[in-house]
Amino acid sequence: MNILSVASEVYPLVKTGGLADVVGALPTALLPHGVRTRTLVPGYPSVLQKLKKRKKAGRFDNLFGQPATVLSAEVNGMDLLVLDYPALYDRDGGPYLDTTGLDHADNFRRFAALSLAAAEIAGNGVVPNWKPDIVHVHDWQAALAPVYMRFGSASDIPSVMTIHNIAFQGQFGASVFPELALPPNAFSTEFVEYYGDVSFLKGGLQTASAITTVSPSYAQEILTPEFGMGLDGLLASRVADLTGIVNGIDGDTWNPQTDPHIPAHYGPATLKRRAGNRKALEERFGLERGPGPIFCVISRLTWQKGMDLVAEAADDIVALGGKLVVLGSGEPALEGALMAAASRHRGHIGMVTGYDEPLSHLVQAGADAILIPSRFEPCGLTQLYGLRYGCVPVVARTGGLTDTIIDANEAALSAKCATGFHFLPVTADGLKLAIRRVMRAYNEPKLWARLQTQGMKSDVSWAKSAERYVSLYSALLAKG
């Protein structure tokens with residue numbers, strides 16, 4: 001079975017969040033099942049620089065008015081197709097934002113081109129001697145691919161649309177529609193029209209053969225007005241085609257027994273070795289040595305991620321004898337609030353602004369508990385990394401956080417299956433109560449060690465999820 005996966009980012013070439021990790025890890029997990037994946041991504045400068053060996057695999061003479069080339073390459077065992085389109089991708093800034101932090105003004109064209117290229121590869125033999133059995137697209141940036149397929153020569157090829165976060169929909173003014181190379185009737189409620197605008201995500205949800213989300217609970221939540229972000233009605237009409245499949249993580253990249261980014265390697269039976277990582281973490285974040293748990297945050301600093309709640313709880317953490325390290329960036333007001341807390345509690349709260357992949361490994365390996373107070377969370381990966389590293393997750397009871405963490409209530413503790421702490425309501429008071437629960441558990445060393453080892457033994461790999469994707473693909477092909 002051949003899959004064309006289409007996404008705006010893929011680890012380790014380009015990453016702004018968990019999407020890249022998923023897109024990068026799933027192909028490897030599918031391979032033992034006889035599923036071969038080629039991943040199509042934009043040719044950003046950062047991507048092209050990392051392609052040591054590449055070949056020309058195809059060409060577009062006129063893709064939205066410009067020539068473009070499809071390059072093939074292999075990176076970390078991944079089979080990649082890269083859309084080399086300098087007019088759209090060769091620029092400063094990130095994948096979505098320019099150097100001033102604003103959206104690239106032509107993002108609609110940049111990701112429509114990615115989607116159209118995918119449809120043409122699937123249906124028109126752009127890459128000689130290769131054709132996918134299924135096209136699997138991720139998030140709004142690739143969501144027009146099923147729309148182009150519906151109106152083009154790939155209409156007989158099944159497609160899967162995965163929602164990683166329904167809050168991001170790729171919504172643009174109606175004035176962009178004439179530039180999308182779609183027939184006039186595509187600007188209708190059956191396809192891309194959304195309250196007078198164009199919605200890339202809506203188009204994908206309307207036309208894909210199947211829809212998946214990244215956890216079972218999130219698949220249910222987005223059917224409600226609270227979490228559906230205006231698309232709950234559409235999703236309800238397609239509920240028979242909607243599946244929640246929880247994410248996994250790459251167990252080779254995230255392995256505390258071999259991780260090159262941490263000074264002390266350890267496993268479930270050698271937890272005491274984590275002390276070496278704790279010491280390195282304290283030094284990196286300027287924390288005083290001493291007892292008490294180190295809480296950590298590795299996140300975009302946004303309202304969705306509940307970072308305002310962390311800022312409100314920071315004083316309580318210190319008052320209870322804990323410490324806090326924060327790694328992330330985001331909304332200026334939230335960055336400022338957390339920096340202010342670090343300033344108030346020097347030696348007890350440390351913060352590094354920005355994102356640093358190697359440092360995130362050290363934080364997981366050296367901290368005792370990771371705070372994930374998201375107001376909504378499709379799946380989340382940091383709690384899975386926390387489980388793998390014995391950094392006990394403290395999570396809001398929502399979406400994939402609910403599906404992946406077993407709360408340390410009395411029944412779960414008695415059954416010896418607890419792996420972390422849930423809290424509800426998702427408020428500052430709710431988080432503060434959870435922190436107090438953590439402090440009590442941490443002060444019982446045997447109980448805490450059991451929570452860590454149970455988490456580390458959890459199956460957070462892609463194995464089961466890959467099987468579910470294979471079943472979904474097979475069912476789509478069986479329908480003809």
| task | State whether the side chain of Ser5 and the backbone N or O of Thr39 hold a donor-acceptor pair below 3.5 Å, judged by distance alone. | result | no
Kindly assign one of parallel, tilted or perpendicular to the pair Tyr473 and His136, based on the angle between their ring planes and the thresholds 30° and 60°.
perpendicular
Determine, stepwise, if the pair His138 / Ile163 fulfils side chain to side chain contact (heavy atoms under 4.5 Å, CB included).
CA-CA 6 Å; His138 298 268; Ile163 307 166; over 6 Å; no
Exercise for review: Find out whether Thr212 and Leu242 are in side-chain contact, i.e. whether some heavy atom of one side chain is under 4.5 Å from a heavy atom of the other.
Suggested key: no
dist Ile262:CD1 -> Asn255:CG (nearest 0.5 Å) comes out at 8.5 Å
Determine whether Leu401 and Ser374 make a side-chain contact, defined as any pair of heavy atoms from C-beta on separated by less than 4.5 Å. yes
In short, Leu476 meets Pro158 closest at the heavy-atom pair CB-CB, 4.0 Å
Is Arg300 paired with Glu331 through a side-chain N to carboxylate O contact shorter than 4.0 Å? no
Check: Under 3.5 Å, side chain of Gln364 to main-chain N/O of Cys296, donor-acceptor pair present?
Finding: no
Of all heavy-atom pairs linking Pro45 and Tyr89, the shortest is CD-O, 3.1 Å
Between the CG atom in Leu13 and the NZ atom in Lys50, the distance rounded to the nearest 0.5 Å is 6.0 Å
message: For a side chain to side chain contact (heavy atoms under 4.5 Å, CB included) check, start with the C-alpha distance between Val41 and Leu83, then their side-chain angles and the critical distance, and finish with the verdict.
response: CA-CA 6 Å; Val41 293; Leu83 183 60; over 6 Å; no
| Would you say the side-chain atoms of Asp98 pair up with the backbone N or O of Thr100, donor to acceptor, closer than 3.5 Å? | yes
| message | Parallel, tilted or perpendicular: which one describes the rings of Tyr389 and His361, with boundaries at 30° and 60°? | response | perpendicular
Short side-chain to backbone donor-acceptor contact, Asp250 and Asp252, under 3.5 Å: yes
dist Phe168:CZ -> Gln304:CD (nearest 0.5 Å) comes out at 6.0 Å
With sequence neighbours left out, the residues meeting ring pair (Phe, Tyr, Trp, His ring centres under 6.0 Å) with Tyr96 are Phe111
Check: Glu190 main-chain N/O paired with Glu193 side-chain donor or acceptor under 3.5 Å:
no
**Asked** Has the side chain of Asp459 got a donor or acceptor atom that lies under 3.5 Å from a matching backbone atom of Ser461?
**Response** yes
| task | For the pair Arg38 (side chain) and Leu81 (backbone), establish whether a donor and an acceptor sit closer than 3.5 Å, ignoring hydrogens and angles. | result | no
Tightest non-hydrogen contact, residues Val6 and Ala118, listed as CG2-CB, 3.6 Å
task: Would you check, one step at a time, whether the test side chain to side chain contact (heavy atoms under 4.5 Å, CB included) holds for Asp84 with Val70?
output: CA-CA 6 Å; Asp84 186 11; Val70 179; over 6 Å; no
_Counting neighbours of CG on Asp92 that are heavy atoms of other residues, nucleotides or ligands and sit closer than 6.0 Å, is the number greater than 12?_
no
Minimal heavy-atom distance between Ile157 and Ala122, with the atoms involved, is CD1-O, 3.3 Å
d(Asn2 CG, Trp130 CH2) to nearest 0.5 Å is 6.0 Å
With a 3.5 Å cut-off and no angle check, do the side chains of Asp21 and Tyr385 form a donor-acceptor pair? yes
(message) Counting C-beta onward and ignoring hydrogens, is there a side-chain heavy-atom pair between Glu357 and Lys15 closer than 4.5 Å?
(response) yes
Distance col, row Ile245:CD1 vs Ser215:OG, nearest 0.5 angstrom, shows 11.0 Å
Salt bridge or not between Asp308 and Arg375? Use side-chain N to carboxylate O under 4.0 Å. yes
Task: Heavy-atom donor-acceptor pair, Ser153 side chain to Gly123 backbone, under 3.5 Å - done: yes
Correct closest heavy-atom pair for Asp197 and Phe172 would be CB-O, 3.1 Å
Determine whether Met229 and Gln169 make a side-chain contact, defined as any pair of heavy atoms from C-beta on separated by less than 4.5 Å.
yes
Can you tell if the side chain of Leu201 reaches within under 4.5 Å of the side chain of Ile166, non-hydrogen atoms only? yes
Using modelled atom types only, decide if a donor and an acceptor are shared between the side chain of Thr419 and the backbone of Ile406 within a distance under 3.5 Å. yes
- Does any non-hydrogen side-chain atom of Tyr44 lie less than 4.5 Å from one of Arg110? yes
CD (Gln383) and OG (Ser458) are apart, to the nearest 0.5 Å, by 11.0 Å
Measuring only between side-chain heavy atoms, which start at C-beta, is Tyr85 closer than 4.5 Å to Thr69?
no
- prompt: Do the ring planes of Phe200 and Trp140 sit parallel (below 30°), tilted (30 to 60°) or perpendicular (above 60°)?
  reply: perpendicular
Minimal heavy-atom distance between Pro393 and Ile405, with the atoms involved, is CG-CD1, 3.6 Å
- prompt: So do Ser299 and Met307 actually touch side chain to side chain, heavy atoms under 4.5 Å?
  reply: yes
Would you check if the side chain of Glu335 reaches a backbone N or O of Leu301 as a donor-acceptor pair within less than 3.5 Å? no
TODO: Assert yes or no for the condition that the ring centre distance of Phe191 to Phe151 is strictly below 6.0 Å.
DONE: yes
Under the side chain to side chain contact (heavy atoms under 4.5 Å, CB included) rule, what do Cys379 and Tyr218 come out as? Steps first, then yes or no, please. CA-CA 7 Å; Cys379 179; Tyr218 192 60; over 6 Å; no
Original post:
Charged N to carboxylate O below 4.0 Å: is that the case for Asp133 and Arg36?
Top reply: no
Legend entry - Sidechain N-carboxylate O distance under 4.0 Å for Glu74, Lys53: no
